[in-house]
Amino acid sequence: MKDSPLSTQPYKGTRDFFPEDMQLRSALFNRLRQVVSTYGYQEYDGPMLEPFELYASKTSDEIVNEQLYSFTDRGDRKVAMRPEMTPTLARMVAAKANNLPRPIRWFSIPNLWRYERPQKGRLREHWQLNVDILGPAAQDAELELLQVAIDLLRAFGANETHFEIQINHRELTNSLFNEVLQLNPEQRQAVARAIDKRDKITPEAFRELLVKAACHDEQIATIERFLHADLNEVANICPESSGLLKLQTLFELLTALGLSAYCSFSPTIMRGFDYYTGTVFEIYDRAPENRRALFGGGRYDNLVGMFGGEKIPGIGFGMGDVTLRDFLETHGLLPTLPPASQVLVGLFNADLKIPAYQLARDLRAAGLRVENILEPTKKMGKQFEVADKKGIPIVVMMGPDEHAEGCATVKHLASGHQEKAALGDLPALIQQLLA
RNA sequence: GUAGGUGUAGCCAAGUGGUUAAGGCGCCAGAUUGUGGCUCUGGUAUUCGCGGGUUCGAUUCCCGUCACUUACCCCA
């Protein structure tokens, strides 16, 4: 790479989307949109800049202090580039809360920013599908959202062998920490952090973290027991937990809908956001080489209320475009993309330019995606080569003979089939060849 | 912020202390002036990331620096 005063490289942690990349991105996003709309979710968007304070108390200290792009504007206002969408969503919902029919089913695909060192699956700018439902306090909201999550991945051809949803509940964790273990606030944070990273470290290192958090042996034993427990066993450890009851309800519903193969209870799921109050979940890739969270979400019952109006409970998740792409790539599920054009209209010579352009216009009017050759000196062989290289399946050529007869020659490249047809018959003929 | 890996053309990539820096893909042109895919020919690097040092001579050795990348930290 040459080091010139102006680099052609995109800013660190961001990506250029050349047409090919953009086509894939649009294909992925459109499929996401399509699936989410089948549940009645409506798309929204908000500004990329928000008041700094929107994140200051609600997201998490780490994000605000170290990973937020922020600056002071000319009016001395402190502004931040959105690192996540949920606060914006909460703000927008709060602004119109009285006018919105419930439940509120919204989704968005915003670009989000975080200042950190890029690594696999994590860049500084990424796009994230956010799906949220606000209003219902019952587990039916969770049930619906998990269905959406499952269907999103199924829409790309994935199934329960490719991914798994791990579910936990903040109230259950709180029962364990407060009532059963009786931890103090610092211990709670340290233990939560240790549990969160438990899968990535050795059992000894995990135990060491707990000891460092001033846990005594009996507490450690309880934690270990909890982390290996299924829901029945959890009932013995935390018999009074409201979170346990909600999880039991949720899993009954999931089983009734035949979705239990996709979902499992996982006491290790923590999630970093401070605003989660209930169910939390993460979707994991089952592939050993890509074994990490694809995306996640949870219930936040107090977020909308922070804007002073009505408290509206909500639950949502965010799915990053980078991790989604990695997931699809890992399993060979990336969609194949169609060529930009279906038809290339050749140019025999400069005299037949206008007829060729008019022919292309007529084909477009018939609903076809058509591009013209614009260089009158390009040899016919080259013109066919262009079609071949761009993956355009059909070439239409009109030479002097055809033009005199009001015809054109249509060639289907893949089969080599070629035939002459009256101009009026071309659209039907081409549609037939494309089918 | 910490640690490793990598920087040779648009992409992949070989290579050597010594006149002209392999090869492949792609791209452009021609063989083929009414027809693509195959084949053949030619063209595609004035700084081998950048700067400095050692040397008669550095793309090659040394130092620095920057960029990319992976992991850690942290996690949306």
Side-chain angles (χ1 to χ4, degrees), chain A residues 1-5 7-15 18 20 55 58-68 81-88 110-130 189 192-193 196-197 200-201 205 269-276 280 282 292-298 300 316-323 344 346-349 352 373 375-403 408-420:
Chain A
M1 274 290 129
K2 194 195 273 191
D3 243 17
S4 52
S7 172
T8 58
Q9 281 183 6
Y11 170 70
K12 183 195 264 297
T14 67
R15 290 160 290 169
F18 288 94
E20 213 179 322
Y55 307 104
K58 305 169 192 67
T59 300
S60 82
D61 290 346
E62 163 78 12
I63 290 171
V64 171
N65 294 337
E66 316 204 0
Q67 303 197 345
L68 201 59
M81 285 161 80
R82 60 186 176 197
E84 54 149 341
M85 198 57 175
T86 310
T88 299
N111 58 332
L112 306 175
W113 293 82
R114 55 190 173 200
Y115 190 84
E116 68 170 351
R117 188 159 291 212
Q119 55 190 285
K120 185 170 172 61
R122 294 171 69 191
L123 303 174
R124 287 186 173 181
E125 183 191 29
H126 72 127
W127 276 257
Q128 189 185 64
L129 169 71
N130 274 251
Q189 193 171 17
R193 193 163 290 180
D196 194 34
K197 61 162 56 166
K200 293 160 78 176
I201 61 180
I269 298 298
M270 288 289 149
R271 311 238 0 115
F273 283 150
D274 298 338
Y275 53 64
Y276 286 132
V280 288
E282 290 184 349
R292 59 209 168 81
L294 271 175
F295 56 99
Y300 45 90
F317 65 81
M319 173 198 255
D321 71 316
V322 185
T323 45
L344 179 75
L347 180 53
F348 189 85
N349 61 32
L352 290 170
I373 291 285
E375 302 90 340
T377 56
K378 215 176 190 65
K379 293 179 180 168
M380 277 185 68
K382 291 293 174 194
Q383 300 191 28
F384 280 86
E385 212 176 302
V386 167
D388 192 50
K389 278 179 184 157
K390 291 180 124 177
I392 303 173
I394 302 270
V395 175
V396 174
M397 191 64 78
M398 180 165 54
D401 301 345
E402 287 102 333
H403 185 237
T409 297
V410 177
K411 181 161 183 177
H412 184 247
L413 294 189
S415 63
H417 173 79
Q418 176 172 318
E419 70 180 273
K420 196 160 81 171

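Residue numbers start from 1 in every chain, and the chains themselves are labelled A, B, ... in the order their sequence lines are given, proteins ahead of strands.
Residue contacts for A:E282: at a heavy-atom cut-off of 4.0 Å it reaches no nucleic acid atom on any strand shown.
Looking at residues two or more places apart in sequence or on another chain, you find a side-chain contact (heavy atoms from CB on, under 4.5 Å) between A:E385 and A:K382, A:K389. Residues passing the side-chain contact (heavy atoms from CB on, under 4.5 Å) test with A:Q119 are A:R122, sequence neighbours excluded.
Whole-Å rounding puts the A:K411 NZ to B:rU35 P distance at 9 Å. Remark: P of B:rG37 and CG of A:L344 are 15 Å apart, rounded to the nearest angstrom. In this structure, A:E20 atom CD and B:rG26 atom P are separated by 14 Å, rounded to whole Å. Atom CG of A:L413 and atom P of B:rG37 are 11 Å apart (whole Å). The interatomic distance linking A:E116 (CD) with B:rC72 (P) rounds to 12 Å, in whole Å. In this structure, CD of A:E385 is placed 10 Å from P of B:rG30, rounded to the nearest angstrom. The distance between atom CZ of A:R122 and atom C1' of B:rU69, rounded to the nearest whole Å, is 15 Å.
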For nucleotides 1-6 of chain B, print each protein N/O atom paired with a nucleotide N/O atom at under 3.5 Å, atom names and distance only.
from, atom 1, to, atom 2, distance (Å)
B:rU2, O4, A:R117, NH1, 3.0

Protein N or O to nucleotides 39-43 of chain B N or O, pairs below 3.5 Å:
none

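A:H126 and A:Q128 share no side-chain donor-acceptor pair at under 3.5 Å.
For B:rC75, the base has no donor-acceptor partner in the side chain of A:R193 [N/O atoms by modelled type, under 3.5 angstrom]. Below the 3.5 angstrom threshold, one finds no donor paired with an acceptor across the side chain of A:K379 and the base of B:rU33. Below the 3.5 angstrom threshold, one finds no donor paired with an acceptor across the side chain of A:Q418 and the base of B:rG34.
Here the closest non-hydrogen pair linking A:L344 and A:Q383 is CD2-O, 3.4 Å. Between A:K378 and A:V386, the shortest heavy-atom distance links the atoms CE-CG2, 3.7 Å.
Formation of a donor-acceptor pair under 3.5 Å by the A:Q418 side chain with backbone atoms of A:T409 is not found in this model. At distances below 3.5 Å, not a single donor-acceptor pair connects side-chain atoms of A:R114 with backbone N or O atoms of A:R82.
Residues A:R271 and A:E282 are paired through a salt bridge, judged by an N-O separation under 4.0 Å between the basic side chain and the carboxylate.
Note: A:Y300 and A:Y276 have tilted aromatic rings, judged against thresholds of 30 and 60 degrees for the angle between ring planes.
Taking atom C1' in both B:rG5 and B:rG49, the straight-line distance is 16 Å, to the nearest Å.
Across residues 388-398 of chain A, A:D388, A:K389 each have a non-hydrogen atom less than 4.0 Å from an atom of RNA chain B (numbered order).
Residues A:Y115 and A:K12 each lie close to RNA chain B; by heavy-atom proximity, the contact nearer the 5' end of the strand is made by A:K12.
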Checklist outcome for this item: Its dot-bracket string being built from Watson-Crick and G-U pairs below 3.5 Å, with | for another strand and [ ] for crossing, RNA chain B has the pattern (((((((..(((.....[....)))((((((.......))))))....(((((..]....))))))))))))....
